[in-house]
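Input: a single structure, listed below in structure tokens.
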Protein chains: 2
Amino acid sequence: MTQDVTYHRRPLNRQLIVAAARRVADSDGLAELTLRRVAGELGTGQASLYRHIADRAELLGLLAEDLATSFPMPGRPDEPGEPGEPGESAEAGRNGWAGDAVVGQWEAMYAYLAAHPWGARVIAEGSRVADGAHSVAGHNLALLRAAGLDDDDAVRAYRALWHLLLGHLLDQTAHPATPGSPGDFSWALRRLVAGIVRATDAPAEVDS
Amino acid sequence: MTQDVTYHRRPLNRQLIVAAARRVADSDGLAELTLRRVAGELGTGQASLYRHIADRAELLGLLAEDLATSFPMPGRPDEPGEPGEPGESAEAGRNGWAGDAVVGQWEAMYAYLAAHPWGARVIAEGSRVADGAHSVAGHNLALLRAAGLDDDDAVRAYRALWHLLLGHLLDQTAHPATPGSPGDFSWALRRLVAGIVRATDAPAEVDS
DNA sequence: ACCTGAACACCGTTCAAGT
DNA sequence: ACCTGAACACCGTTCAAGT
């Protein structure tokens with residue numbers, strides 16, 4: 001029982017490279033994520049990495065995809081969400097307002113990405129939208145359609161929510177000492193969702 | 001007609017360095033903005049720059065501040081806004097809805113920053129919020145208070161609008177080929193402003 | 001006193017030489 | 001056939017040597 005996992009050598013596939021890169025980014029930040037460092041983490045030379053990845057940009061893209069595949073979806077049964085307090089997230093979507101599920105989903109995404117400060121930057125810089133984000137994108141579009149949006153508006157709303165999240169996270173990692181940021185995103189998120197959802201079912205309220 | 005301006009040499013103050021950096025960023029992008037390139041643009045050695053700036057991060061900060069000082073404020077008299085079509089921006093704020101002025105202001109800011117793709121990145125990465133942004137920040141807070149928000153909510157709303165703008169611009173520069181992005185920001189902006197403004201004066205509407 | 005060419009310590013990437 | 005040490009072309013930054 002000396003070891004079984006931590007002594008990965010030989011095969012050196014993309015999985016191992018991405019895992020090592022994620023380890024470096026989580027522990028020491030994106031600035032320390034150099035190919036030399038990743039190669040050293042795997043006990044190999046830096047040139048060996050180029051047999052499995054095209055360049056550093058592709059590695060960052062794989063990292064973004066790796067992160068995106070495990071986005072939380074607290075509304076769904078088999079998804080973890082926040083392990084500590086599932087009550088708050090589960091409550092969203094049961095109440096009357098159609099936007100609650102959307103708010104809960106994006107608060108979970110915020111908490112998830114806030115735990116990986118490099119994530120927002122990698123996704124923002126990624127030349128391609130992570131394909132692994134398809135499942136969470138589909139889930140979000142379904143939530144938005146359930147709130148009364150048509151297909152076009154659901155896509156626009158998804159992008160708007162994503163941009164708000166991205167801007168908040170990037171500003172946060174750049175200025176970590178700013179006061180009251182955790183609640184700030186929640187405040188903004190609820191206003192944006194309110195503006196989106198009310199715009200679709202409000203016309204009857206306003207016109208009559 | 002040989003030249004009269006383009007031949008700056010000798011003094012080499014911060015102003016000239018920032019202007020040269022801005023020229024490089026505008027023409028060739030942020031990736032080409034190296035200290036060697038800026039020094040070459042000014043006809044001097046790269047080491048000479050360090051007598052006027054501490055390091056590259058400070059230069060980017062000065063660049064962000066330079067950009068922030070000339071943010072458009074279309075509602076105010078002596079501010080340029082969009083030189084081509086002042087009618088659209090001036091119209092905002094005259095109509096009944098209190099959010100129109102806010103929407104017009106942020107659409108002008110979007111147009112301004114979209115013309116300088118490096119701007120959003122430089123501001124996002126800047127270790128300090130550009131001090132030159134104080135005037136536009138004050139203007140925005142005034143507009144938000146005029147829309148009925150108290151001081152705390154005005155600050156939160158300003159941050160939320162800024163994050164939405166930042167996320168939109170960064171996503172746009174990363175994926176330039178995305179369809180329908182110009183209208184997308186306007187769509188999201190109007191929903192966010194609606195959610196912010198209605199949340200303050202809506203209670204009377206909902207309760208009664 | 002002030003400026004700056006050359007050097008230093010990195011980085012991503014490539015390639016000829018190893019097995 | 002597959003891997004990799006050493007080299008290449010950059011980068012930001014520093015410093016001793018110039019004027």
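Within every chain, numbering begins at 1; the chains are lettered A, B, ... in the order of the sequence lines, protein sequences first and strands thereafter. What's counted below: heavy atoms across the whole structure, side chains too, no hydrogens, waters or symmetry copies.
Taking atom CG of A:L49 as the reference point, atom P of C:dT13 lies 11 Å away to the nearest angstrom. B:L60 has its CG atom 10 Å from the P atom of D:dT13, to the nearest Å. As rounded to whole Å, 10 Å separates atom P of D:dG12 from atom CG of B:L59. Put simply, CZ on A:R37 is 17 Å from C1' on C:dA9, counting in whole angstrom units. Atom-to-atom, CZ of A:R56 to C1' of C:dC10 comes out at 13 Å; the value is rounded to the nearest Å. Across the protein-nucleic acid pair, B:R36 atom CZ and C:dA6 atom P stand 13 Å apart, rounded to whole Å. Look at CD on A:E58: it is 11 Å from P on C:dT13, rounded to the nearest Å. Atom CG of B:L35 and atom C1' of D:dC10 are 13 Å apart (whole Å).
Judged purely by distance below 3.5 Å, without hydrogens or angles, the side chains of A:Q172 and A:Y110 pair a donor atom with an acceptor atom. At a cut-off of 3.5 Å, with distance as the only test, no side-chain donor of B:R23 or B:S27 sits close to an acceptor on the other residue.
The nucleotide whose nearest atom lies closest to any side-chain atom of A:D55 is, among D:dG12, C:dC11, C:dT13, C:dT13.
In terms of the side chain to side chain donor-acceptor pair (under 3.5 Å) criterion, residue partners of B:S48 (sequence neighbours excluded) are, by chain and number, B:T44. For A:R36, the side chain to side chain donor-acceptor pair (under 3.5 Å) partners at least two apart in sequence or on another chain are A:Q46. Contacts of A:H116 classified as ring pair (Phe, Tyr, Trp, His ring centres under 6.0 Å), with partners at least two apart in sequence or in another chain: A:Y112, A:W118. For A:R56, the side chain to side chain donor-acceptor pair (under 3.5 Å) test picks out no residue, with sequence neighbours left out.
Checked against B:H163 for a ring pair (Phe, Tyr, Trp, His ring centres under 6.0 Å), the options A:H163, A:H168, A:H175 give a single hit: A:H168.
Remark: the separation of the P atoms in D:dA7 and C:dC8 is 16 Å, to the nearest Å.
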Please list each protein N or O that sits under 3.5 Å from an N or O in nucleotides 14-19 of chain C, with the distance.
none

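Residue-environment remark: CD (A:E58) exceeds the threshold of 12 foreign heavy atoms within 6.0 Å.
Contact annotation: A:S48 side-chain N/O to D:dT4 OP1/OP2 distance is under 4.0 Å. Taking side-chain N and O atoms only, B:T44 has a distance below 4.0 Å to OP1 or OP2 of C:dT4.
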Seminar exercise, completed: DNA chain D in dot-bracket form (Watson-Crick or G-U pairs under 3.5 Å, [ ] crossing, | inter-strand) is ||.|||||...|||||.||
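Looking at heavy atoms from C-beta onward, B:L165 lies out of side-chain contact with B:L161 at the 4.5 angstrom threshold.
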